[in-house]
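Labels below follow one simple rule: chain letters A, B, ... track the order of the sequence lines, proteins then strands, and each chain is numbered from 1. What you see below is based on every heavy atom in this structure, not just the backbone, and it leaves out hydrogens, waters and symmetry mates.
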Amino acid sequence: MLTRQERVPILPEEESEMKWRIVVNEDWCKGCGFCYTFCPREVLEKSDKFNTKGYYPPVATNIDRCVGCKLCEAICPDFAIHVEENAKSKKGEK
Amino acid sequence: MTETSRISTIEEHPILEYIRRDRLPHIFCSACGIGTVLQSFATALRSLNYDMDNMVIISGIGCTGRASGYFAADSYHTTHGRAIAFATGVKVANPKLKPVVISGDGDLFAIGGNHFIHAARRNVDMLVLCVNNFNYGMTGGQMGPTTPVSAITVTSPDGNIEHPFNLVSVAAASGAVFVARWTALHARRLTKSIEKALQKKGFTFIEVVSPCPTLYDRYNRHGTGLEVMKKYREISVIRNFSDPMQAEIDYRTRIVCGEFVDSEKPEFSDLLEEHGKKLQKGD
């Protein structure tokens with residue numbers, strides 16, 4: 001089976017205090033590049049690792065710049081990426 | 001991040017409650033705009049908190065015709081071009097239901113052209129979402145009723161000599177009460193238009209211009225789907241409530257997007273019910 005059903009947050013653990021977290025199902029990604037091209041805050045970048053289909057999913061290299069506009073979620077054709085509020089966030093509690 | 005911590009986190013996409021998860025990942029090509037349309041439609045359903053028991057999703061044949069199979073609602077995958085005919089039947093048989101037709105330009109305007117104009121004329125309550133990729137994608141990229149003049153396809157290798165339909169103009173002239181055009185890039189505005197159209201009673205039509213990176217855009221040297229989307233960002237202009245006759249759609253110059261018509265008109269199934277009551281009284 002190609003599909004792995006887990007969805008994985010793509011921010012490093014030490015940055016888990018950010019208000020937003022971007023979650024990607026890497027194995028559903030078809031590498032179209034819409035999310036990291038049209039992200040208005042340049043949060044996302046193309047990964048250097050490929051998934052099981054051979055496509056390059058996005059990684060969140062600048063997660064602290066994310067304002068939660070969810071354009072990546074709206075434009076993703078493969079239901080592979082979504083943005084949610086980080087429950088552990090200290091910024092979100094304010 | 002260690003591998004174990006990555007796998008232990010199971011998260012859910014917010015719109016997956018409207019999607020048949022066992023069908024995913026879907027069959028559409030990488031960078032095809034149909035996925036974005038499905039995403040926008042599901043997002044609109046979620047923000048309206050729409051009751052899926054009152055919705056029937058109907059699609060014809062073609063790439064976009066696969067769309068009905070991905071939604072967790074009652075759905076029909078109908079014969080070629082007859083999606084609107086089925087939707088009219090659904091509406092007349094049970095006026096409580098809201099039929100939504102998601103289909104392609106070839107299905108709706110070539111084979112189903114007559115169904116389209118007459119459903120719009122009668123103002124049957126339905127939402128028609130037409131994904132326009134300028135050719136017949138599923139069968140290998142043949143020219144269709146929306147292929148622009150001089151575009152190259154499998155069946156027009158030296159350039160198309162036929163003039164295309166302007167879909168928003170056809171819909172507005174036929175009497176649709178809500179007409180809009182967006183590209184796959186305008187995902188947010190498309191979602192808003194779908195929300196508006198779902199709340200309206202009557203024949204509502206939304207055209208979505210979509211890249212076809214595997215066939216149409218490859219034959220015409222437009223580059224990858226991503227480059228086509230970048231081009232849409234450059235050339236698309238938004239002219240809400242402008243004349244749909246003037247809404248040009250030309251990849252070299254500009255694509256006019258926006259909501260062109262938003263009007264009110266008595267709806268077909270209401271009139272039918274009224275008419276039935278009138279006849280019963282007369283007996």
Would you say [X] has more than 12 foreign heavy atoms packed within less than 6.0 Å of its [atom1]?
{"X": "B/K192", "atom1": "NZ", "result": "no"}
{"X": "B/Y18", "atom1": "OH", "result": "yes"}
{"X": "B/R23", "atom1": "CZ", "result": "no"}

Atom of [X], atom of [Y] and distance for their closest heavy-atom approach:
{"X": "B/C32", "Y": "A/P77", "value": "O-CB, 3.7 Å"}
{"X": "B/P25", "Y": "A/W28", "value": "CD-NE1, 3.6 Å"}
{"X": "B/K230", "Y": "A/T37", "value": "CE-CG2, 3.4 Å"}
{"X": "B/R188", "Y": "A/A74", "value": "NE-CB, 4.1 Å"}
{"X": "B/S30", "Y": "A/Y55", "value": "CB-OH, 4.1 Å"}

[Y] and [X], any side-chain heavy atoms less than 4.5 Å apart:
{"X": "A/K30", "Y": "B/H26", "value": "yes"}
{"X": "B/F28", "Y": "A/D78", "value": "no"}
{"X": "A/V23", "Y": "B/H13", "value": "no"}

- [ ] Find the distance between CD1 (A/I75) and CE (B/M229) and round it off to the nearest 0.5 Å.
- [x]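 The CE atom of B/M229 is 4.0 Å from CD1 of A/I75, to the nearest 0.5 Å.
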Task: Residue that, paired with B/P14, satisfies side chain to side chain contact (heavy atoms under 4.5 Å, CB included) out of A/E73, A/E84, A/K70 - done: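 Testing each of A/E73, A/E84, A/K70 against B/P14, the sole residue satisfying side chain to side chain contact (heavy atoms under 4.5 Å, CB included) is A/E73.
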Open item on the list: Using the rule given for side-chain contact (heavy atoms from CB on, under 4.5 Å), can you reason through B/L38 versus A/F79, listing the C-alpha separation, both sets of side-chain angles and the distance that settles it, and then say yes or no?
Closed with: CA-CA 9 Å; B/L38 300 191; A/F79 313 109; 3.9 Å; yes
TODO: With a 4.5 Å cut-off on heavy-atom pairs, point out which of B/V37, B/L185, B/I19 contacts chain A the most.
DONE: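 Highest number of heavy-atom pairs under 4.5 Å: B/L185.
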- [ ] Specify which of B/A31, B/A187, B/G225, B/S40 makes the most heavy-atom pairs with chain A at under 4.5 Å.
- [x]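 Most pairs with chain A among the choices: B/A31.
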Is [X] close to chain A through its backbone or its side chain, or both, or neither, when contacts mean heavy atoms under 4.5 Å?
{"X": "B/L190", "value": "neither"}
{"X": "B/A42", "value": "neither"}
{"X": "B/I34", "value": "neither"}

